[in-house]
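All chains are named by letter (A, B, ...) in the order of the sequence lines, taking the proteins before the strands, and each is independently numbered beginning at 1.
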Amino acid sequence: MPQSDPRTSTGTHEPLIRFDQVVKRFGSLTVLDRLDFTVDAGERVTLIGPSGSGKTTILRLLMTLEQVTSGVIWVGGEPLSHRYQGDRLVRANEKHQRRVRKQIGMVFQQFNLFPNMTVRQNITEGPIHSLGISREEADQRARELLEMVDLSDKIDAHPAHLSGGQQQRVAIARALAMRPKILLLDEVTSALDPELVTGVLDVLRTVAETTDITMLLVTHEMQFARDVSHRVLMFDHGRIVEEGPPEQIFGDPKEERTKAFLHAVLD
Amino acid sequence: MTWDWEFTGRIIPDLLNGLAVTVQATVLGYTLALVLGLAVALVRRIPVIGTAVFAVMEFIRCTPLLVQLVFVFSLAPNTLSAFTIGVAVLGVHYAAYTAEVYRSGIEAVPAGQWEACRALSLPLHRTWGAVILPQAIRRVIPPLGNYLIAMFKDTPLLFAITVGELMYQASQIGGVYFRYLEAMTLVGLFFLLVSVPSAILIRQLERRYAAV
Ligand SMILES: Nc1ncnc2c1ncn2[C@@H]1O[C@H](COP(=O)(O)OP(=O)(O)OP(=O)(O)O)[C@@H](O)[C@H]1O
Ligand SMILES: [Mg+2]
């Protein structure tokens, strides 16, 4: 059921993110099948589900690293995958997507820091060259964020000289420096040695507690998901099998597939 | 034929002049190859135009440098000096190779770097100028250095279009005195004296930049 154009809808409750009948295919493989879901501003939503169920694809579509096959993605009442041409929705061009996605930040599993830049440059590059703020202000922001992720002493280090956990904390600071409304986190601790996971999760807990950034996270850290998220979506084959508050999904799942999945990960 | 030291001493100044021309042609030609090759590598990514440029570069790689030199020299207006033509042809010829080197360097930059640029909405000139190219070029410094030595060793071909480089000087001397032993030996020696230290330097660069 395609939802109505939010410009004509009444009421103040417009979700921050809305997937409207989103289909994503890679060749003959249908990864997302007419997916509908919404996320409210300030909400923290965890996506769980077996490998290949489409979790990463959802985040990549939001970051415009992939394009929808059909359907529309809305961000803040504006189409992200499309744009208006008169009254008609047409495919978004790069210029439109660049503008809308500035509200969205992403932290990657493999950090993807720029190895040719220092920590400071990694964090200030986006604010200076994409948002157009002054170097002084960007620098100030970088120092504050590094303090938050507890890496103030590494400001002039190169990523290669940092541990994986430290690199990921820099990557979180880099994403936050853009002051995004939405933060996408795709298995951000999966590439880390076990002893480095806690440090990164602690930083994310701080972000969750001290900001109202909307978060979409994919994680296998179930305790963390339980602690920080307002809502959990259980995916299978590109569809939502079950959703609910974390206490219910983790404590009292209704669907067999959710039970089976949780059983498998918790063992 | 015995080695004549006194004769050797007399021809050295001319040969050194030749060496200077050789080095100049190499430096200028190489600079052209570096800049043009990068431009070609970037243009090749554009649909249609890129394919056309690729075809031209393939053609250049498939024909001998000597033929290209003589061909362009015979067609070029005589307002252009042989040296200018030589440098231009050397530069364009080697650009066909450096373009491939740059391309492999660009392709070796992990997809995650492009994605991070996109996630930060970096403008295109920063994505290329601050992220992709610095990483790509760092990776290809050693192969680019090898082409510098290869080009240096190809400069004697400029002799064919009367550029007064080292080989040209040596053969002039040989033609005048009917003695080739000293001049040609010195030519070989000069090439060695430049090539070997350059090769060592490039190996060092290679070691330094090997790990990104
Ligand atoms: N670029 C691509 N080309 C082809 N197939 C792809 C591509 N990206 C993803 N897929 C496929 O789409 C499906 C969903 O992938 P996705 O990465 O979204 O799953 P996931 O839920 O994140 O899984 P995991 O838990 O393993 O990370 C998988 O079958 C995957 O192989
Ligand atoms: Mg995934």
Side-chain angles (χ1 to χ4, degrees), chain A residues 56 59-67 94-118 121-132 138 158-161 167 170-180 182-186 191, chain B residues 34-35 37-38 41-50 98 101-145 202 204-212:
Chain A
T56 295
L59 300 196
R60 290 176 60 85
L61 283 169
L62 272 167
M63 198 66 258
T64 72
L65 299 174
E66 303 285 355
Q67 301 298 328
E94 172 60 21
K95 188 166 158 240
H96 173 84
Q97 293 204 330
R98 177 190 297 275
R99 187 173 57 74
V100 181
R101 75 162 171 255
K102 277 185 186 169
Q103 311 171 61
I104 307 176
M106 184 160 186
V107 182
F108 301 87
Q109 192 175 339
Q110 299 296 340
F111 332 134
N112 296 346
L113 292 179
F114 304 131
N116 57 317
M117 296 185 191
T118 63
Q121 290 166 330
N122 264 280
I123 299 174
T124 58
E125 177 69 24
I128 294 172
H129 296 284
S130 165
L131 303 181
H158 277 271
H161 296 135
Q167 289 190 49
V170 172
I172 293 168
R174 178 173 74 173
L176 291 176
M178 296 291 285
R179 302 254 164 101
I182 302 167
L183 188 61
L184 309 173
L185 303 151
D186 190 8
Chain B
L34 285 184
V35 174
L38 180 57
L42 295 178
V43 169
R44 263 201 61 183
R45 303 174 64 89
I46 304 170
V48 188
I49 304 175
T98 57
V101 173
Y102 284 121
R103 188 182 58 84
S104 71
I106 291 167
E107 281 174 5
V109 176
Q113 294 292 308
W114 290 96
E115 293 179 355
C117 290
R118 205 168 161 81
L120 294 172
S121 285
L122 294 187
L124 210 56
H125 75 273
R126 292 301 294 180
T127 299
W128 279 104
V131 178
I132 305 300
L133 287 181
Q135 293 180 51
I137 290 172
R138 197 189 157 100
R139 276 164 217 270
V140 297
I141 286 173
L144 286 179
I202 285 164
Q204 273 172 357
L205 282 177
E206 196 163 47
R207 226 165 295 144
R208 199 167 133 200
Y209 289 106
V212 176

So for [X], is it side chain, backbone, both, or neither that comes closer than 4.5 Å to the heavy atoms of chain B?
{"X": "A/F114", "result": "both"}
{"X": "A/Q97", "result": "side chain"}
{"X": "A/R99", "result": "neither"}
{"X": "A/I104", "result": "backbone"}

Using modelled atom types and a 3.5 Å cut-off, is there a donor and acceptor pairing between side-chain atoms of [X] and backbone atoms of [Y]?
{"X": "A/N116", "Y": "B/P134", "value": "no"}
{"X": "A/S130", "Y": "B/L120", "value": "yes"}
{"X": "B/Q113", "Y": "A/L113", "value": "yes"}
{"X": "B/R118", "Y": "A/M63", "value": "no"}

What is the minimum heavy-atom distance between [X] and [Y], and which atoms define it?
{"X": "B/L122", "Y": "A/G126", "result": "CD2-CA, 3.8 Å"}
{"X": "A/F108", "Y": "B/A119", "result": "CZ-CB, 4.1 Å"}
{"X": "B/S121", "Y": "A/K102", "result": "OG-CG, 3.7 Å"}

Original post:
Is chain A contacted by the side chain of B/A111, its backbone, both, or neither, given a heavy-atom distance below 4.5 Å?
Top reply: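 Nothing of B/A111, per the 4.5 Å heavy-atom cut-off to chain A.
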Original post:
Do other residues, nucleotides or ligands put more than 12 heavy atoms under 6.0 Å from B/I49 CD1?
Top reply: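 For B/I49, atom CD1 is not crowded (no more than 12 foreign heavy atoms under 6.0 Å).
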Original post:
Above 12 or not: heavy atoms from other molecules or residues under 6.0 Å from CZ of A/R98?
Top reply: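 Yes, CZ of A/R98 has more than 12 neighbouring heavy atoms, counting only those of other groups under 6.0 Å.
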**OP:** Using a cut-off of under 4.5 Å on heavy-atom pairs, state which of A/M178, A/R174, A/E125 scores highest against chain B.
**Re:**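 Among the listed options, the one with the most contacts to chain B is A/E125.
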